[in-house]
Amino acid sequence: MVTPADTVDVPGIPLPDRRLRRHQRLTSTADFEATYAQGKSCAARTLVMWLHHGPGASLRLGVVASRVIGNAIKRARAKRRLREAWRLNRNRFHGEVDVVLVARRSILTASWQDVNDDLIKLARKAKMIE
RNA sequence: GGCAGGGGGCGUUCGGUCGCUCCGGUCUAAGCGAAAGCCGGCCGGGGAGGAAAGUCCGGACUCCAAAGGGCGGAACGCCGGUGCCUAACAAGCCCGGGGAUUUCCUGUUAAAGGGAAGUCACGGAAAGUGCCACAGAGACGAUACCGCCACAACUUGGCCGAAAGGCCGGGAUGUGGUAAGGGUGAAAAGGUGGUGUAAGAGACCACCGGGCGGAAAGCAAUGACCGCCGCAUGGUAAACCCCGUUCGGAGCAAGAUCAAAUAGGAAACCUGAGGUGGCCCGCCUCGUGUUGUCGCGAAAGCGGCACGCGGUUUCGGGUUGAUCGCUUAGAUAAAUGACUGAUCCCGUUCGCGGGAAACAUAAUCCGGCUUAUGCCCUCUGCCUUUC
RNA sequence: GCGCCUGUAGCCUAAUGGACAAGGCAUCUGACUUCGGAUCAGAAGAUUACAGGUUCGACUCCUGUCAGGCGCG
């Protein structure tokens, strides 16, 4: 289980790499369609995780927030939370897999800790984390 | 103090760590690349709004070669403005003015007149067509149900009289006059008062309203005021329509460049093709060929027609990526978040907890409008409390 | 970016500018039944999305909002 200490800076310990650059993201329509075509997904209360195994897969992230989430403010907020949760936990994951995270409506009202726990739970289900 | 409305302003604190994006500088081990460079490190700087929204309007900009006339279509319609916008005009918006109209108060016998608040998509109803339900006698070049009045003939009652007859009535019928009154309606060819009359009526008179003409003033719309007209053509154009003005179309997924991939096929129809759009006309551009044929010519060649090229429709194949456009924000599955410190506010069991917001995220740019929303200032109206 | 459509009782639909906005399903009440269903009879339920305007009169016409939906590139 993730603890608050994992997301808080601890003095004296060198920080791991927590960057999430453009080349670590899924940026083309073809990437998303290939992910949906494999059809592997699992859901939690605040998000849905789609998995894409294949050559070149290197823990790249794509985020999706559809119109049912709300207006542009709410969609941007949902995508920011998904990106932040992935960025802070990415070095704990492993495997040759790309991931598309789809926001659900309850991500707007859930606490930050709940979103984090849901991501860890789905990653454990996908065997990306011990 | 509270509520509602109008106007104006601001839209919310200062740091740290990690992370995102763009720009500039600098360094670069490995990897990729012909190179520039990509990736990566460090330093410095920039990084959503008043509405970014809705997309209701207008413009810039781009392409359709240029963008003419008519029909059709759309939008707009009082006047002015050194306002916004623009090279400039029209339209739109804004500001001011004029006029009309609704509600309330005042005023009047009733009107007129005066005041406050609001609304106006404010050219034309004597160019034409349509519609005006129900009610009502009558609803548009208006009508006559009840009623009122006159006359004619009939019938009947009372009184007077010796009688003939006379006087006072009643009933119903017919002819004519009338539009004052009743009643219907949103609306009945002006309103109130009087004169007049058989009864009445702008028939006539006074005031008010209306129409026409002139006109002080005003840039103008308009219009103080004066004269004339007894008053004539009800409403509806946010019904069709008429008049005037303006408008070519599509839109940054516009469009330009580069690279890659695929295709460069089939069928039917047309015979100059295209610009050309909803349609037509005119105009403009291109008009090729070892082709055929006809005519002219000594020849070069010119002209006509046909065919090919070509055009339209359908089917089939294909429909990817990058750069520019693009910005002192400039992304492209789309950038502001997580944690934490200070400061301020609220609550507190004095350990601390909560909050720093609401509405709402640029996508080529600019302007207007509308809508959403927190706080502050100011004005108006109403209610409550105190003096 | 451009273009278009819809909003009527809880739901689905009607209504030429003209009286209290009509019908079906659903709801409620009563009858029938031992009880329920079906059936029969009756009742209730609408500020016609909102605001304004035109008109004597608006669900209808016009304007502006709000909400929802569709199409094209």
Side-chain angles (χ1 to χ4, degrees):
Chain A
M1 223 27 163
V2 69
T3 62
D6 291 326
T7 57
V8 175
D9 299 330
V10 179
I13 299 175
L15 289 168
D17 185 16
R18 287 177 177 164
R19 290 170 301 187
L20 185 64
R21 306 306 289 256
R22 178 61 57 193
H23 63 90
Q24 295 166 327
R25 303 278 302 279
L26 295 179
T27 57
S28 74
T29 307
D31 292 337
F32 282 82
E33 286 177 349
T35 303
Y36 297 146
Q38 288 197 355
K40 296 177 187 170
S41 66
C42 49
R45 197 168 55 85
T46 60
L47 57 95
V48 181
M49 176 185 280
W50 291 75
L51 301 171
H52 177 249
H53 298 275
S58 55
L59 290 177
R60 291 181 299 177
L61 173 68
V63 293
V64 169
S66 74
R67 273 174 65 188
V68 300
I69 298 296
N71 55 22
I73 290 283
K74 293 175 182 171
R75 294 198 300 270
R77 176 169 158 79
K79 287 191 283 189
R80 279 197 300 261
R81 299 189 87 165
L82 290 178
R83 270 202 311 274
E84 187 69 10
W86 179 265
R87 181 180 73 82
L88 293 175
N89 292 294
R90 183 172 182 269
N91 53 6
R92 297 154 58 95
F93 300 151
H94 54 81
E96 292 203 348
V97 60
D98 290 334
V99 167
V100 172
L101 296 181
V102 180
R104 309 185 76 179
R105 192 194 290 270
S106 59
I107 198 173
L108 299 174
T109 54
S111 69
W112 168 248
Q113 190 65 50
D114 290 340
V115 176
N116 224 345
D117 290 346
D118 281 346
L119 178 64
I120 297 295
K121 189 174 74 179
L122 293 181
R124 200 181 305 278
K125 209 169 178 179
K127 303 196 187 315
M128 293 161 56
I129 188 172
E130 294 307 318

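Below, all heavy atoms of this structure are taken into account, side chains as well, without hydrogens, waters or symmetry copies. Numbered from 1 within each chain, the chains take letters A, B, ... in sequence-line order.
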Problem - Whole-angstrom distance between B:A66 and B:G277, as gauged at atom C1' - result: 15 Å
Problem - From CA spacing to verdict: side-chain contact (heavy atoms from CB on, under 4.5 Å), A:Arg77, A:Ile107 - result: CA-CA 9 Å; A:Arg77 176 169 158 79; A:Ile107 198 173; over 6 Å; no
Handout entry: Qualifying residue, where the test is side-chain hydrogen bond (donor to acceptor under 3.5 Å, both in side chains) with A:Glu84 and the options are A:Arg81, A:Arg87, A:Arg80
Key = A:Arg87
Handout entry: Spacing of A:Arg77 atom CZ relative to B:U361 atom C1', expressed in whole Å
Key = 14 Å
Problem - Nearest-Å distance for atom pair CD/C1', residues A:Gln24 and B:G19 - result: 12 Å
Fill in the blank from the handout: Looking only at B:A333, B:A334, B:A360, the nucleotide nearest the A:Ile73 side chain is B:A360
Fill in the blank from the handout: The Watson-Crick or G-U wobble partner of B:C339, with both key distances under 3.5 Å, is B:G16
Exercise for the section: Can you measure from NE2 (A:His53) to OG1 (A:Thr35) and round to the nearest 0.5 angstrom? Expected result: 10.5 Å
Practice task
Once you apply the 3.5 Å cut-off to both distances, tell me the Watson-Crick or G-U wobble partner of B:A256, or none.
Solution key: B:U323
Problem - Nearest-neighbour nucleotide for the A:Ala72 side chain, B:U361, B:G337, B:A333 considered - result: B:U361
Practice task
Find the distance A:Leu88:CG to B:A338:C1' and express it as a whole number of Å.
Solution key: 6 Å
Practice task
Enter the distance from A:Leu61:CG to A:Arg83:CZ here, rounded to the nearest 0.5 Å.
Solution key: 8.5 Å
Practice task
Specify the residue among A:Ala76 and A:Gly62 whose closest nucleotide of RNA chain B lies further upstream toward the 5′ end.
Solution key: A:Gly62
Completion exercise
Base-pair string, RNA chain C, Watson-Crick plus G-U, cut-off 3.5 Å on both distances, | for inter-strand, is (((((((..((((....[...)))).(((((.......))))).....(((((..]....)))))))))))).
Practice task
State, with a plain yes or no, whether a side-chain heavy atom of A:Val99 is found less than 4.5 Å away from one of A:Phe93.
Solution key: no
Exercise for the section: Check whether any side-chain N or O of A:Arg25 sits under 4.0 Å from OP1 or OP2 of B:A335, and answer yes or no. Expected result: no
Problem - Residue whose nearest RNA chain B nucleotide is more 5′ - A:Lys74 or A:Glu84 - result: A:Glu84
Problem - Nearest-angstrom distance from the residue atom CZ of A:Arg90 to P of B:A338 - result: 21 Å
Exercise for the section: Hunt down the Watson-Crick or G-U wobble partner of B:G24, both distances under 3.5 Å, from any strand shown, or write none. Expected result: B:C43
Handout entry: Nearest-0.5 Å distance, CE of residue A:Met49 to NZ of residue A:Lys40
Key = 13.5 Å
Exercise for the section: Take atom CG of A:Leu61 and atom C1' of B:C20, then tell me their distance rounded to the nearest Å. Expected result: 13 Å
Problem - For B:C309, the Watson-Crick or wobble counterpart (both distances under 3.5 Å) - result: none
Completion exercise
Mate of B:C154 across any strand shown (Watson-Crick or G-U wobble, both atom pairs under 3.5 Å) is B:G171
Exercise for the section: Taking atom P in both B:A333 and B:U21, compute the distance separating them and give it to the nearest angstrom. Expected result: 13 Å
Problem - P-based separation of B:G341 from B:G353 [nearest Å] - result: 10 Å
Problem - Touch class at under 4.0 angstrom, heavy-atom based, for A:Val100 against every strand present - result: nothing
Fill in the blank from the handout: d(A:Ser41 OG, A:Leu101 CG) to nearest 0.5 Å is 12.0 Å
Handout entry: Glycosidic class, syn or anti, of B:A179 using a 90° window around 0
Key = anti
Handout entry: Spacing of A:Arg81 atom CZ relative to B:C20 atom C1', expressed in whole Å
Key = 18 Å
Exercise for the section: Measure from NZ on A:Lys79 to C1' on B:G337 and round the result to the nearest Å. Expected result: 14 Å
Practice task
For B:G58 versus B:C93, give the span between their P atoms, rounded off to a whole number of Å.
Solution key: 11 Å
Fill in the blank from the handout: Quick note, A:Val63 side chain, CB onward, closest among B:A338, B:G19, B:A334 is B:A334
Practice task
Indicate syn or anti for B:G54, taking the glycosidic torsion and treating anything within 90° of 0 as syn.
Solution key: anti
Handout entry: Distance-only donor-acceptor test (3.5 Å): side chain A:Arg80, base B:U361
Key = yes
Exercise for the section: Check A:Thr46, A:Asp118, A:Val48 against A:Arg104 for a side chain to side chain contact (heavy atoms under 4.5 Å, CB included) and give me the one that passes. Expected result: A:Val48
Exercise for the section: Under a 3.5 Å limit for both distances, which nucleotide forms a Watson-Crick or G-U wobble pair with B:G353, could you say? Expected result: B:C346
Practice task
Using atom CZ of A:Arg75 as one end and atom P of B:A363 as the other, report the distance to the nearest whole Å.
Solution key: 13 Å
Practice task
Searching all strands shown, indicate the nucleotide that pairs with B:C140 (Watson-Crick or G-U wobble; both distances under 3.5 Å).
Solution key: none
Practice task
Indicate the ring-plane relationship of A:Tyr36 and A:Trp50, choosing parallel, tilted or perpendicular according to the 30° and 60° boundaries.
Solution key: perpendicular
Handout entry: B:C242: syn or anti, per glycosidic angle within 90° of 0
Key = anti
Practice task
Under a 3.5 Å limit for both distances, which nucleotide forms a Watson-Crick or G-U wobble pair with B:G107, could you say?
Solution key: none
